[in-house]
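Data block below; observations after.
Residues: numbered from 1 along the sequence shown. What you see is a predicted model; the values in this text were computed from it and never measured.
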Amino acid sequence: MENDAQEWKEEQLRVDRVVGEVSRQIAILRQRVEGIQSDIVDIRRDFWEEVTVNFEDRAEAAETMASIRQQAEVLSEQERSHQNARQQLKTLMRLVQSPYFGRIDFRADGETSSEPVYLGISSFADSSGDNFLVHDWRAPISSLYYDYVPGPAEYTAPDGIIQGTLDVKRQYLIKNSRILSMFDTGVTIGDELLQEVLGQHADTQMKSIVATIQREQNAVIRDTLHRLVIVEGAAGSGKTSAAMQRIAYLLYRYREHLKANQVVMFSPNPLFSSYVATVLPELGEENMNQTTFPDYLQGPVGHMLSLEDPFEQMETILTDIDSPGYSARIEGIRYKAGLAFKDLIDKYLGWLSTDGLIFRGLKFRGKVIVSGKRIKRQFYSYDASVSIPNRLRFLSQWILEELKSEATRQKSQKWVEEEIELLDSDTYHKVFTRLTRRGQFTQGSFEDAARERDTLAEIVIDKHFRRLRKAVKELRYVDVPAVYRQMFRNSEIALRLVKKVDLPPLWHDICAQTVAFLDNKRLTYEDATPYVYLRERLEGIRVNNAIRHVFIDEAQDYSPFQFACIKQLFPHARLTVLGDRNQAIHVHASIGEQSNAFASLLTLYQGQATETYRFSKSYRSTEQIVLFTKGILAQGATIDAFHREGRKPSLVAVPDRYELMRQVIQRIRELQERQHRTIAVVCKTQAESKEVHLDLKAFDVQTNLIDRSTSRYQSGVTVIPAYLAKGVEFDAVILFDASEKEYSRAHEQKLLYTACTRAMHELHVYYIEKMSPFLRGVSESTYVTE
């Protein structure tokens, strides 16, 4: 299409008409919102004036309750209307800025002409309600835009398949109600627009690329057939964007049955959660639940043990290379991530069914009232064919009866009498009123005083025993840390349950190391999932049946054991996982069965409907950066670069750290002069990041230091460890020290690749003396040495 002035003018006039209609409806809706708000205030103020309160007899009381319910329903309905109107207003405010991003002209078979259909984040009709000026991008007819080039096409409508011809497919970039870009597209949907959208400087929030969905992404977004959807894609290939649009599509298509709070996304860290927090609202939907897997683990672990997070583990692995026990720690991490260790725990649970459970005794006022030995003896007196969780329920009832008997014995103790004397007058008055109503307190006799004293004693006893009863109901008498520790304290237990060949070579060292951590009330991250699994199997699995869809980003970092736990936790949910094996930076994913997390997932869902999608084209970075970074990997040839020109990366050798800092500071100033808004200095570890941050600060370079608790993504100069940079992007990246000393171990290759792929426009890699061996395979034609 030739974008001549006349056609551009006509398209802009249509935008103006639509924006004008949207603005009129905004004015009307604002008046409605204000009116509803005023009604709500009036109802709340006059609530009790509109209710007749009379509790003289049962009939009057029932009428009073009916009156209260009726008034509450009126208030509730008004509040719902207010919320819906405010949501509509938010959507219209977005449409004013950019009413639509695409247009299709479709001519159904049998018709002589085609009607233009404009696509946006939400459907919008004129004031009559009959003429749709914008169609929602998730509507059935909108699939034509994503699935077909001009020519024969079809889509599935509620009445069946509609076949016809797609005459025109046009894209727009509209901001502040003005058309900035407009062109007709062919086979390569959106490539030209991607150059404009992604060729600009990165905002502090992820950019919505609704207008640039590729056909393969659309297949992911609209997949409703499969229980498990796996999306493997290169860095910057649009995996997360597709996932967010998939959520929006599902919420739209199943809006009568699926709500945002029935969808959960496991994010890699709080920074990433903040990074994508605005995406769903931008697509016209409420945000889903977001959490991280360590946050999920914290609940079942509780406060008795201090839980290491994955980034602490990563920092240890990257910095404690020369410390004693390092090899055992690495081997332990890998073993505990796999299904072989899950199998060992399952066998251990079978043994615990007949012996070995450890219980805490219950104390009251410093004395043991039910010992751990008595509890254990009672537990194993139950039929062994009954599951452990069910036997624990029986056991809890038995313990509660024991507490009840002990409470009766305590009532006559002197300390109870002393606490009765300290009770306030209100408590005495309540007891007197209660006994009078029961007809148990009619005159000042000896029996009356005894009843009063007995009731007051019950109040005192109940207050003190309440905490114990709660602990019993929560199964806190089961010493789960000791039960888990026992499996390692006696390393021979495992040898009785599985073959020696199935255990890692350093099993005895792993056991000693695990016991040492547990004795210090410390639960390492590699132990967290097995510990929670053991606890859940002992106490009863707390499944979440309310969640219908689970999304996992950066899924390559999850272990087979973790995937098994997630499947167990959400037994009825559909699962969508996104990841890139080339960015599997955690040590457990660098060798063995865990090196392909997606293969273990397919095994878990064997026999169920599954689908794997692969995105090979990277859009985030310039073609020059992609050509450089793919050379870091052994399998980099499978990554396709999107054609967007830029500077070649630089690979610079420096003699020492002093010169490195000098050049980094100079580079930052050059990048700032070139108007890059987000510049990242990527270090290997958190410790190195802190040092660099302080050095830059000493030279008056203002920086933001990112650590594992950071939840906000800011513009400017950022210093960040490589393992926290996953999922985010920067205009320019300076890799601080890619030397042989820092990046030479197998599990560090993908960390180096991940760090470099954060760059959108410029990448500058420095190293002291010798470069990393992973950089030696990069073609010299892809970089400059300066």
Which residues satisfy the side-chain hydrogen bond (donor to acceptor under 3.5 Å, both in side chains) test with [X], sequence neighbours excluded?
| X | answer |
| --- | --- |
| Tyr296 | none |
| Glu402 | Arg374 |
| Ser396 | Tyr477 |

Identify, with sequence neighbours excluded, every residue that meets ring-ring contact (aromatic ring centres under 6.0 Å, His included) alongside [X].
| X | result |
| --- | --- |
| Trp507 | Tyr335, Phe488 |
| Phe563 | Tyr558 |
| Phe598 | none |
| Tyr382 | Phe394 |

Just to verify, what does [X] make a salt bridge (charged side-chain N to carboxylate O under 4.0 Å, His left out) with, not counting sequence neighbours?
| X | result |
| --- | --- |
| Arg542 | Glu536, Glu539 |
| Arg391 | none |
| Asp322 | none |

Would you call [X] and [Y] a salt bridge, using N to O less than 4.0 angstrom?
| X | Y | result |
| --- | --- | --- |
| Arg409 | Glu406 | yes |
| Lys239 | Asp580 | no |
| Asp462 | Arg469 | yes |

Decide whether Lys336 and Thr524 meet the rule of one side-chain donor and one side-chain acceptor closer than 3.5 Å.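 Note: Lys336 and Thr524 side chains miss the donor-acceptor criterion.
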
Distance alone, cut at 3.5 Å: any donor-acceptor contact between the side chains of Gln583 and Gln556?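 Not at all, the side chains of Gln583 and Gln556 share no donor-acceptor pair under 3.5 Å.
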
Leu395, Asp479, Val483 screened by side chain to side chain contact (heavy atoms under 4.5 Å, CB included) with Phe359, the one that passes: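 Among Leu395, Asp479, Val483, the one meeting side chain to side chain contact (heavy atoms under 4.5 Å, CB included) with Phe359 is Leu395.
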
Apply the side chain to side chain contact (heavy atoms under 4.5 Å, CB included) test between Val263 and each candidate in Leu250, Ile547, Leu251; give the one that qualifies.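 Among the candidates, only Leu251 passes.
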
Under the side chain to side chain contact (heavy atoms under 4.5 Å, CB included) rule, what do Gln686 and Met314 come out as? Steps first, then yes or no, please. CA-CA 10 Å; Gln686 187 73 60; Met314 176 70 75; over 6 Å; no

How are the rings of His586 and Phe311 set relative to one another: parallel (under 30°), tilted (30 to 60°) or perpendicular (over 60°)?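 Ring orientation, 0 to 90° scale: tilted.
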
On the 0 to 90° scale, with breaks at 30° and 60°, tag the Tyr484-Tyr531 ring pair as parallel, tilted or perpendicular.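 Geometry flag for Tyr531 against Tyr484: perpendicular rings.
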
Measure the NZ-CG distance between Lys376 and Asp355 for me, rounded to the nearest 0.5 Å.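 These two atoms lie 5.0 Å from each other.
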
Pro389: which residues meet the side chain to side chain contact (heavy atoms under 4.5 Å, CB included) condition with it, sequence neighbours left out?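 Side chain to side chain contact (heavy atoms under 4.5 Å, CB included) list for Pro389, sorted by chain: Ser387, Arg393.
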
Donor-acceptor pairs under 3.5 Å, side chain of residues 566-574 to any protein atom, not counting sequence neighbours: which ones?
residue : atom : partner : partner atom : Å
His572  : NE2  : Asn545  : OD1          : 3.3
Arg574  : NH1  : Thr224  : O            : 3.4
Arg574  : NH1  : His226  : O            : 2.9

